[in-house]
Amino acid sequence: MTVDRRRSGATLVGLLRHARYEVIPTAGVAENVLAHVPVELTVTVTASPAKGLEATLELTELLRAAGYRVVPHLSARLVRDGAHLREIVDRLRAVGVDDVFVPAGDADPPAGRFDAALPLLVELARLGEPFPSVGIPGYPESHPRIDDDVTVQAMWDKRGYATYIVSNLCFDARVLATWVARVRRRQVTLPIHLGVAGPVESTKLLAIATKIGVGESTRFLRTHPLWLTNLIRPGGYSPVRLLHRVSTLLTAPDSGVAGLHVYTFNQLAETERWRQRMLQGQSR
Amino acid sequence: MGQHVHPNYPTVDQSDRSVPINLRQSGPTPVEFLISTRIRKSPYWHLSVEAGCWRAEVYNRVYHPRGYVRKEDGGAMVEYDSLVNHVTMWDVAVERQIRVQGPDAEAFVDFVITRDATKIPPMRARYVILCNDKGGILNDPVLLRLSDDEFWFSLSDSDLMLWLQGVNVGKRFDVSIGEIDVCPVQIQGPKSIDLMTDLIGPDAATIPSYGLWSGTVAGCEVIVSQTGFTGEKGYEIYLRDATLHAETLWNAVLDAGKRHELAVIAPAHHRRVAAGILSWGQDMDAETLPFQTNLAYQVPRTKAGDYIGKGALESARAAMEAGSPPWTHRLVGLVLGGKPIDEYAPDFWLVTGATDDKPIGYVTSPWYSPELETNIAMAFVPNALSELGTALRVRLPDTYAAKPGEPVDAEVVDMPFRESVNPNTRERLKQRGLDAAV
């Protein structure tokens with residue numbers, strides 16, 4: 001027991017020390033990041049159909065100027081064409097971005113011919129692979145009982161164009177562990193950043209969801225109403241509990257878990273406070 | 001002495017059909033398959049035989065390989081393993097291509113299919129159905145649109161060329177209609193994207209679902225689509241001038257496939273059943289209306305153009321929605337008990353009620369699904385017993401029955417049994433709460 005706790009604690013500490021925080025580009029979020037997020041952490045910036053990529057790029061530039069490592073989300077369905085993609089690439093490289101995350105996104109209809117992530121990834125490769133790190137999404141909650149499901153195939157198709165996977169929101173440790181095992185059995189060997197929600201205050205979450213309309217993580221929540229219920233119920237969700245339950249997964253070398261991706265829902269003060277307490281060995 | 005029952009089981013109400021389905025349970029009936037000049041060998045046939053083909057059937061008057069791995073070596077389930085874990089090539093030259101070309105090609109195609117041909121962009125394909133004037137399904141081809149004025153119908157097993165030429169015998173449309181020397185192979189399985197990338201380059205990763213690509217493989221002109229008769233990732237390579245180039249293409253695929261564990265297999269009906277993909281002649285025929293199956297979405301509610309069958313189909317839908325469908329049975333998905341069904345069914349096995357022994361329906365396409373760990377099937381059952389969750393039983397032959405002579409339990413379930421890597425239009429519409437293509 002002591003050995004287990006020490007080992008999982010050490011692993012958690014390591015992952016938490018280098019956690020990536022996902023933020024949603026809203027008014028005021030930049031100040032929020034500067035006020036509460038240590039500059040050594042990586043910040044990932046989502047994209048929303050309502051705001052378009054411009055808000056993502058602007059926030060990326062601002063945070064890069066402030067010294068953060070930033071991973072913008074390049075939603076394929078928000079990119080108009082090859083010229084637009086080249087513009088985006090040039091702009092991001094100009095401010096030193098070396099890592100991007102490429103989901104399909106939700107824009108309907110798509111802004112141009114990239115209706116899925118894979119064609120955009122192929123186009124990035126044609127541009128000479130301008131970003132050393134490229135992330136793609138993984139969906140642990142899809143079909144936990146079926147091996148050859150849609151989303152595992154999607155990761156297989158993209159594996160030649162990406163360098164890591166970020167798993168989408170999941171609150172069930174067993175589902176998460178099963179998913180990682182299935183991905184590995186399919187010989188998808190990309191490192192995985194496990195996506196977990198930080199501690200979330202329900203009123204702020206609902207306010208954010210209303211304000212931004214549609215965003216990747218909140219859209220996902222809206223399509224899983226039970227999760228939202230659990231998330232906003234007092235005592236319903238604890239990231240500490242989830243992380244402890246997946247500690248075996250985190251420590252197993254063949255799981256290939258390389259990091260934690262924290263869905264903050266822009267509640268950065270609360271998230272950072274939680275992380276600091278975890279680093280100091282406290283649990284909540 | 002038990003009550004005499006006619007061998008075609010009249011307790012299965014087929015009063016809505018002119019020619020009843022033959023329900024005699026005569027079993028595999030060992031008979032030698034005759035190879036003669038009356039049935040066509042495709043340009044790939046000898047190559048399939050070299051690859052191990054030991055069993056075939058006739059499809060569009062062409063020999064169709066239907067078994068490569070012998071039963072004693074594991075049979076169809078070994079081929080299935082290659083399909084769901086690696087990559088496979090299938091000789092599907094039987095998918096004959098009927099080309100409609102000319103200034104009125106779009107208008108003609110729009111008149112013969114139920115979906116709206118004017119909404120199909122060039123270099124895209126669509127799964128479509130064609131109906132007769134009574135609304136019966138004549139064929140369910142993949143329709144390829146190569147340009148504004150060129151369409152290819154990639155046929156299922158009925159003589160659509162005669163129908164299409166017949167429709168235009170009065171020369172109402174300025175088009176030419178004929179079979180062309182194009183033979184497809186299917187490349188199916190999770191590693192198909194890797195094999196296709198080796199064959200045609202990074203473009204393989206950018207072909208959308210039901211998209212088309214024009215180019216060459218090993219110097220041979222081809223059209224490639226991301227389509228297939230499974231729910232797995234897959235493509236079809238349509239070889240032009242197949243009579244000239246069959247060996248070149250086949251060998252190029254085999255060579256490129258070595259490093260991806262390519263196997264040559266027969267069409268994997270176990271996977272297409274799991275994906276809810278129908279087979280014309282098994283799950284439907286010219287007397288089946290689309291509303292009896294999972295093809296209702298193929299009948300638009302708002303297609304502006306007239307098309308063959310429109311009146312009958314709209315009347316049938318109205319009757320269905322008023323609660324009086326003009327058919328006795330609907331095609332449903334079943335999960336059923338029994339030993340794993342690992343071979344093709346030689347008969348339409350009988351469906352009975354949960355508590356009595358009277359045959360009331362029949363199974364069209366049964367298979368065992370290793371992923372779902374159960375037998376699955378498509379079956380026609382009475383309208384009143386077609387709701388999800390309905391308990392039924394199926395009379396399986398002793399080979400597969402849990403106890404010889406006793407029907408196995410079955411339950412009506414939704415189709416598809418397993419989702420497809422590229423969900424089809426019906427599945428995408430369902431996710432959006434819609435029931436018909438727009």
Side-chain angles (χ1 to χ4, degrees), chain A residues 76-77 79 81-82 85 102 104 106 108-110 112-129 134 136 139 141-162 178 182-190 219-220 222-224, chain B residues 80-87 121 123-124 188-198 200-211 213 226 228 230-235 260-261 268 270-271 274-275 369-374 376 416-424 427-428 431-432:
Chain A
R77 296 169 76 95
V79 178
D81 51 31
L85 181 59
V102 182
D106 304 321
D108 191 5
R113 66 181 163 89
F114 301 110
D115 62 344
L118 184 50
L120 192 96
L121 292 165
V122 173
E123 191 70 15
L124 279 176
R126 286 184 170 136
L127 293 179
E129 296 178 3
V134 178
I136 55 174
Y139 298 94
E141 286 289 345
S142 298
H143 315 292
R145 290 170 288 105
I146 303 181
D147 274 355
D148 287 331
D149 56 36
V150 175
T151 56
V152 175
Q153 178 74 48
M155 285 183 286
W156 173 268
D157 293 352
K158 298 167 185 163
R159 77 201 187 284
Y161 301 96
T178 301
R182 282 199 347 258
V183 172
R184 298 311 185 209
R185 186 164 56 246
R186 181 61 95 87
Q187 300 167 47
V188 177
T189 57
L190 298 177
R219 173 194 64 80
F220 209 71
R222 283 167 47 197
T223 61
H224 292 76
Chain B
Y80 181 85
D81 180 75
S82 291
L83 171 65
V84 299
N85 288 307
H86 302 290
V87 61
M123 294 307 279
R124 276 293 209 272
Q188 301 288 318
K191 298 178 180 175
S192 57
I193 187 171
D194 307 292
L195 175 51
M196 293 304 298
T197 300
D198 287 356
I200 69 174
D203 278 351
T206 64
I207 303 172
S209 178
Y210 280 84
W213 177 90
Q226 193 187 168
T230 72
E232 297 296 327
K233 181 80 174 186
Y235 300 79
H260 304 290
E261 299 179 70
H270 8 15
R271 188 62 180 94
S369 172
E371 288 78 13
L372 302 172
E373 294 176 1
T374 185
I376 58 177
F417 301 87
R418 287 184 63 198
E419 282 191 19
S420 300
V421 162
N422 290 308
N424 69 14
E427 289 157 23
R428 289 201 306 271
Q431 289 164 16
R432 296 164 56 189

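Bear in mind the structure is a predicted one, so any value in this text is a computation, not a measurement. Chain A is the first sequence line, chain B the second, and so forth, proteins listed ahead of strands; every chain is numbered from 1.
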J.: For A:Y161, which atoms come within 4.5 Å of any heavy atom of chain B: side chain, backbone, both, or neither?
T.: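 Side chain only.
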J.: For B:T206 and A:P119, work out which heavy atoms get closest and say how close.
T.: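 What the structure gives for the nearest pair is CG2-CA, 4.0 Å.
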J.: Between B:P202 and A:R126, which heavy-atom pair has the shortest distance, and what is it?
T.: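 Looking at all heavy atoms of both residues, the shortest contact is CB-NH2, 4.2 Å.
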J.: At a 4.5 Å cut-off on heavy atoms, which part of B:D203 comes close to chain A: side chain, backbone, both, or neither?
T.: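 Interface part for B:D203: both.
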J.: Considering all heavy atoms of both residues, which atom of A:D115 and which atom of B:P208 are nearest to each other, and what is their separation?
T.: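 Taking A:D115 first and B:P208 second, the nearest heavy atoms are OD2-CB, 4.4 Å.
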